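Side chains are part of it too, since the values below use all heavy atoms of this structure and drop only hydrogens, waters and symmetry mates. Not measured: the values here are computed from a predicted model.
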Amino acid sequence: MAYELPPLPYPNNALEPHIDAMTMEIHHDRHHKAYVDNLNKAIAGNVALESKSIDELQKALSSSVPDAIKGPVRNNGGGHWNHSFFWRIIGPKAGGMPTGKLADDIKATFGSFDDFKNKFETAGLGRFGSGWAWLIVNGGKLEIVSTANQDNPLMGKAIAGVEGTPILGVDVWEHAYYLKYQNKRAEYLKAFWNVVNWNEVAKHYEAAKK
């Protein structure tokens, strides 16, 4: 198979009480697995696509993916990339505030860390239906954007409506929070800050700035 489900880098219950073990089990073992399985089915036999990394596949959507499978590759490839990214930028014993260059640039761009959090939460709340909110690097600058469904900024403006390199993202599909928070997306977004792995986000920021 071209793509595989990556293991969670921590136990299902490691993010409690902020994200419960049952949600993590369903989210990773079922939802993410389904994206991987359906992506592999969509590209089966297309050697050129099967040989691409998942990052390369996101960037190739508008140019190299045949129209006949573009929808399944967009939805399931995006789901695989987004979730693989998401598991890494959250974790146990995390939260707090960023430090160093990332902290300085967040303050310079958004006014303060609290202002940044408010704007990020607003992006998550403002995404009608299912989707994601992102902190990205675009043209060397930090921006907050959101995308629908399983789109992400790597897909480019023609596909996702935005473009850039994600360094932080939050899943606002109901399957990410509904068992614990029901319809209270705002509470979930506030709880999210307790599990953000800022060291990992900073690594993504450094790489995106190069």
Side-chain angles (χ1 to χ4, degrees), residues 6 8-35 75 78-99 102-103 105-107 109-136 142-153 160-162 164 166-202 204-205:
L8 275 179
Y10 35 76
N12 287 334
N13 65 354
L15 306 184
E16 290 189 340
H18 313 293
I19 302 178
D20 59 286
M22 181 61 72
T23 292
M24 291 299 294
E25 177 184 341
I26 294 171
H27 200 172
H28 175 269
D29 297 358
R30 303 185 205 176
H31 286 281
H32 190 174
K33 184 178 186 301
Y35 293 128
N75 293 333
H80 179 33
W81 190 94
N82 293 352
H83 287 87
S84 298
F85 177 82
F86 187 55
W87 309 135
R88 296 193 303 270
I89 54 91
I90 60 176
K93 299 179 181 178
M97 299 174 63
T99 58
L102 176 58
D105 289 353
I106 284 176
K107 182 177 180 181
T109 303
F110 302 106
S112 70
F113 183 59
D114 284 340
D115 287 338
F116 157 70
K117 289 199 298 182
N118 288 335
K119 290 172 183 176
F120 191 83
E121 290 171 26
T122 297
L125 286 170
R127 171 50 58 187
F128 183 77
S130 299
W132 293 73
W134 306 95
L135 177 64
I136 67 171
L142 290 170
E143 294 180 9
I144 293 171
V145 299
S146 73
T147 55
N149 302 314
Q150 294 296 352
D151 288 353
N152 63 62
V162 296
I167 66 169
L168 175 69
V170 63
D171 188 346
V172 294
W173 282 63
E174 287 186 345
H175 66 233
Y177 64 87
Y178 209 83
L179 284 181
K180 181 174 179 65
Y181 295 96
Q182 290 83 49
N183 63 321
K184 300 172 184 175
R185 186 186 288 186
E187 289 188 14
Y188 160 69
L189 287 168
K190 290 191 180 302
F192 170 71
W193 300 116
N194 295 295
V195 298
V196 173
N197 182 342
W198 286 110
N199 289 334
E200 191 70 18
V201 176
H204 286 296
Y205 186 50

- Are the side chains of Q182 and Y177 in touch, meaning some heavy atoms are under 4.5 Å apart? no
- Taking it one step at a time, do F110 and N118 satisfy side chain to side chain contact (heavy atoms under 4.5 Å, CB included)? CA-CA 10 Å; F110 302 106; N118 288 335; over 6 Å; no
- Query: Ignoring hydrogens and geometry, is there a side-chain-to-backbone donor-acceptor pair from K190 to R185 under 3.5 Å?
  - Reply: no
- Under 3.5 Å, is there a donor-acceptor pair between the side chain of N194 and the main chain of G95? no
- Heavy-atom side-chain contact between Y178 and W173 under 4.5 Å: no
- Message: What verdict does the side chain to side chain donor-acceptor pair (under 3.5 Å) test give for H28 and H83, after you've listed the backbone C-alpha separation in whole Å, the side-chain angles of each residue and the deciding distance to 0.1 Å?
- Response: CA-CA 8 Å; H28 175 269; H83 287 87; over 6 Å; no
- Can you find a heavy atom in the side chain of N197 that is under 4.5 Å from one in the side chain of I90? no
- Query: Regarding Y35 and N82, is there a side-chain donor-to-acceptor distance under 3.5 Å anywhere?
  - Reply: no
- Message: Ignoring hydrogens and geometry beyond distance, is a side-chain donor-acceptor pair present between H27 and H32 at under 3.5 Å?
- Response: no
- Query: For residues T147 and W134, is any side-chain donor paired with an opposing acceptor at under 3.5 Å?
  - Reply: yes
- Query: Counting N and O atoms only, with roles assigned by atom type, does the side chain of S84 sit under 3.5 Å from a partner on the main chain of H80, one being a donor and the other an acceptor?
  - Reply: yes
- Hey, does the side chain of Y188 reach the backbone of V172 with a donor-acceptor pair shorter than 3.5 angstrom? no
- Message: Looking only at side-chain N and O atoms, does N75 offer a donor or acceptor that is under 3.5 Å from a partner on Q150?
- Response: no
